Undergrad: 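Let me begin by handing over the structure; questions about it come next.
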Amino acid sequence: QFTPDMLPADVIGTQIFNAGEGSCSVRQGPIFSNLVLADEINRAPAKVQAALLEAMQERQVTIGGQSFPLDDPFLVLATQNPIEQEGTYPLPEAQLDRFLMYVQVDHPGAEVEHQVLHLVRGSGRGAAEAGFGGGAVGPVPEKRIVEARKQVDAIHMAPALEHYLVQLVLATRDPSPYVEALAEKVEWGASPRGTIALDRCSRARAWLCGRDYVTPEDVLA
């Protein structure tokens with residue numbers, strides 16, 4: 001849970017001095033996990049958010065001049081409140097660039113609101129079986145995730161489609177040759193990480209659809 005009074009050490013860990021032994025030891029923080037949920041990430045100041053940069057890109061953290069590799073697989077999932085609310089800090093561009101995708105979660109519809117009521121009242125089992133929450137999900141073995149990664153990497157993307165993907169990214173940096181009016185509405189163009197992310201997501205969608213090749217619809221989605 002990210003809060004305004006957090007310190008970087010609360011995320012990555014810190015050195016602890018052992019008076020009896022006269023030496024320092026490293027106490028690892030919650031970043032040393034397979035799945036890290038940074039709840040309300042924009043509640044924390046920029047210094048704490050910056051502590052995640054090395055972890056999300058290099059898959060390692062540095063504590064007291066010593067580097068520690070993170071577990072594999074490693075994934076950071078974050079939520080944030082609207083930046084218009086008081087007490088929030090907008091995420092810097094460098095950090096936003098390290099997230100694979102941004103998902104806007106809107107308010108639920110009337111049917112889901114009813115299901116939420118049933119869950120809160122204690123009749124959650126029936127609501128979950130009806131589709132809310134998707135039911136229980138058991139642990140996934142690491143070897144299955146590694147194998148799925150290999151299969152996604154092996155998905156075929158035609159050269160013409162790869163060119164289309166790259167042109168989409170380039171259009172975010174300079175949209176004027178495509179739609180002149182769009183140039184005033186784009187604040188930041190996608191970085192090379194955006195190209196990599198779009199490629200990975202397109203392959204993953206094709207894999208989820210049971211295909212061994214990428215289609216233009218995968219890129220658009």
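Computed from a prediction, not measured in an experiment: that's the story for all the values here.
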Undergrad: Can you list every pair that meets salt bridge (Lys or Arg N to Asp or Glu O under 4.0 Å) and has a residue in residues 49-78, with sequence neighbours left out?
TA: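 Output for this query lists Asp72-Arg149.
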Undergrad: Heavy-atom count check: over 12 atoms from other residues, nucleotides or ligands less than 6.0 Å from Gln15 CD?
TA: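 Yes, because the 6.0 Å sphere around CD of Gln15 holds more than 12 heavy atoms from other groups.
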Undergrad: What's the shortest heavy-atom distance between Ser202 and Leu165, and which atoms?
TA: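 So the minimum-distance heavy-atom pair works out to OG-CD1, 4.2 Å.
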Undergrad: Could you measure the distance from the CD atom of Glu162 to the OG1 atom of Thr195? Nearest 0.5 Å is fine.
TA: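 Those atoms lie 10.0 Å apart.
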Undergrad: Can Ile196 be reached from Leu96 by stepping across I, L, V, M, F, W or Y side chains whose heavy atoms are under 4.5 Å apart?
TA: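 Different clusters.
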Undergrad: Ignoring hydrogens and angles, tell me if any N or O in the side chain of Arg173 forms a donor-acceptor pair with the backbone of Ala190 under 3.5 Å.
TA: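 Between the backbone of Ala190 and the side chain of Arg173 there is a qualifying donor-acceptor contact (under 3.5 Å).
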Undergrad: For a 4.5 angstrom cut-off between non-hydrogen side-chain atoms, does Tyr213 reach Met157?
TA: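 No. Closest side-chain heavy atoms not under 4.5 Å.
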Undergrad: Please indicate whether Arg200 has more than 12 foreign heavy atoms, meaning atoms of other residues, nucleotides or ligands, lying under 6.0 Å from its CZ.
TA: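 Open.
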Undergrad: Linking I/L/V/M/F/W/Y whenever any side-chain heavy atoms sit under 4.5 Å apart, do Leu52 and Leu100 land together?
TA: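 Not linked; separate clusters.
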Undergrad: Test your reading of the model: is there a side-chain donor-acceptor pair from Thr88 to the backbone of Arg43, 3.5 Å cut-off?
TA: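 No, Thr88 side chain to Arg43 backbone: no donor-acceptor pair under 3.5 Å.
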Undergrad: Keeping Gln49 on the side-chain end and Ala44 on the backbone end, is there a donor-acceptor pair under 3.5 Å?
TA: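 Checked: pair present.
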Undergrad: Which atoms form the tightest heavy-atom contact between Pro45 and Pro4, and what is the distance?
TA: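 So the two residues come closest at CD-O, 3.6 Å.
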Undergrad: Just checking Glu113: does its CD atom have more than 12 heavy atoms from other residues, nucleotides or ligands closer to it than 6.0 angstrom?
TA: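 It does: Glu113 CD has more than 12 such atoms within range.
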Undergrad: Identify the two heavy atoms, one from Val152 and one from Ala204, that lie closest to each other, and give their separation to 0.1 Å.
TA: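 Result for this residue pair: CG1-N, 3.8 Å.
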Undergrad: Looking at every heavy atom in both Ser25 and Asn18, which two are closest together, and how far apart are they?
TA: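 Closest heavy-atom pair between Ser25 and Asn18: OG-ND2, 3.3 Å.
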Undergrad: For a quick check under 3.5 Å, do Gln1 and Glu40 share a side-chain donor-acceptor pair by atom type?
TA: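 Yes, Glu40 and Gln1 have a side-chain donor paired with an acceptor closer than 3.5 Å.
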Undergrad: Do Gln104 and Tyr102 get their side chains close enough for a donor-acceptor pair, meaning under 3.5 Å?
TA: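 Yes - a donor-acceptor pair under 3.5 Å links their side chains.
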Undergrad: Are Ile41 and Tyr89 packed together at the side-chain level, in the sense that at least one heavy-atom pair is separated by less than 4.5 angstrom?
TA: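 No, side chains not in contact.
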Undergrad: What's the shortest heavy-atom distance between Pro139 and Pro141, and which atoms?
TA: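 Scanning both residues, the minimum pair turns out to be O-CD, 3.8 Å.
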Undergrad: What pairs of residues pass the salt bridge (Lys or Arg N to Asp or Glu O under 4.0 Å) test when at least one of them lies in residues 203-217, not counting sequence neighbours?
TA: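 Residue pairs with at least one partner in residues 203-217: Asp199-Arg203, Arg205-Asp218, Arg211-Asp218.
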Undergrad: Quick one: hydrophobic cluster around Leu77, which other residues, with the 4.5 Å side-chain cut-off, linked directly or via members?
TA: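 Members besides Leu77, by chain and number: Leu35, Leu37, Leu75.
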Undergrad: Apply the test side chain to side chain contact (heavy atoms under 4.5 Å, CB included) to residues Asp10 and Val48: give CA-CA distance (whole Å), side-chain angles for both, the deciding distance (0.1 Å), then the verdict.
TA: CA-CA 8 Å; Asp10 297 327; Val48 178; over 6 Å; no
Undergrad: Phe68 versus Gln60: any side-chain heavy-atom pair under 4.5 Å?
TA: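 Heavy-atom side-chain distance check fails, nothing below 4.5 Å.
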Undergrad: Tell me whether Ile155 is reachable from Leu208 by hopping between hydrophobic residues (I, L, V, M, F, W, Y) whose side-chain heavy atoms are closer than 4.5 Å.
TA: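 Linked within one cluster.
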Undergrad: Val36 and Leu53: same hydrophobic cluster, using ILVMFWY side-chain contacts below 4.5 Å?
TA: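 No, no single cluster joins them.
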Undergrad: So do Val61 and Phe32 actually touch side chain to side chain, heavy atoms under 4.5 Å?
TA: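 Answer yes - side chains close enough.
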Undergrad: One pair to check against side chain to side chain contact (heavy atoms under 4.5 Å, CB included): Val219 and Leu198. What are the steps and the verdict?
TA: CA-CA 7 Å; Val219 180; Leu198 188 56; 4.2 Å; yes
Undergrad: Passes side chain to side chain contact (heavy atoms under 4.5 Å, CB included), Phe99 versus Met56? Steps please.
TA: CA-CA 8 Å; Phe99 283 101; Met56 295 176 68; 3.6 Å; yes
Undergrad: Should Leu170 and Val186 be regarded as members of a common hydrophobic cluster, given that ILVMFWY residues are connected when their side-chain heavy atoms come within less than 4.5 Å of each other, either directly or indirectly?
TA: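 Per the 4.5 Å side-chain linkage, Leu170 and Val186 are not co-clustered.
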Undergrad: With a 4.5 Å limit on heavy-atom distance, are the side chains of Glu147 and Ile145 in contact?
TA: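 No. Closest side-chain heavy atoms not under 4.5 Å.
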Undergrad: Tell me if the OH atom of Tyr178 is crowded by more than 12 foreign heavy atoms within 6.0 Å.
TA: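 More than 12 within 6.0 Å, yes.
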Undergrad: Write down the atom of Cys201, the atom of Met101, and the distance for their closest heavy-atom approach.
TA: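 For Cys201 and Met101, the tightest heavy-atom pair comes out as SG-CE, 3.4 Å.
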Undergrad: Measure the CD1-CG distance between Ile12 and Leu70 for me, rounded to the nearest 0.5 Å.
TA: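 One finds 10.0 Å between CD1 of Ile12 and CG of Leu70.
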Undergrad: Where the side chain of Asp153 meets the backbone of Lys150, is there a donor-acceptor pair that is under 3.5 Å apart?
TA: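 Such a contact is absent between Asp153 side chain and Lys150 backbone.
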Undergrad: Using a 3.5 Å distance criterion without hydrogens, assess whether the side chain of Asn34 forms a donor-acceptor pair with backbone atoms of Pro73.
TA: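 Between the backbone of Pro73 and the side chain of Asn34 there is a qualifying donor-acceptor contact (under 3.5 Å).
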Undergrad: Evaluate the criterion side chain to side chain contact (heavy atoms under 4.5 Å, CB included) for residue pair Ile31 and Phe74; output intermediate values, then yes/no.
TA: CA-CA 9 Å; Ile31 196 71; Phe74 173 75; 3.9 Å; yes
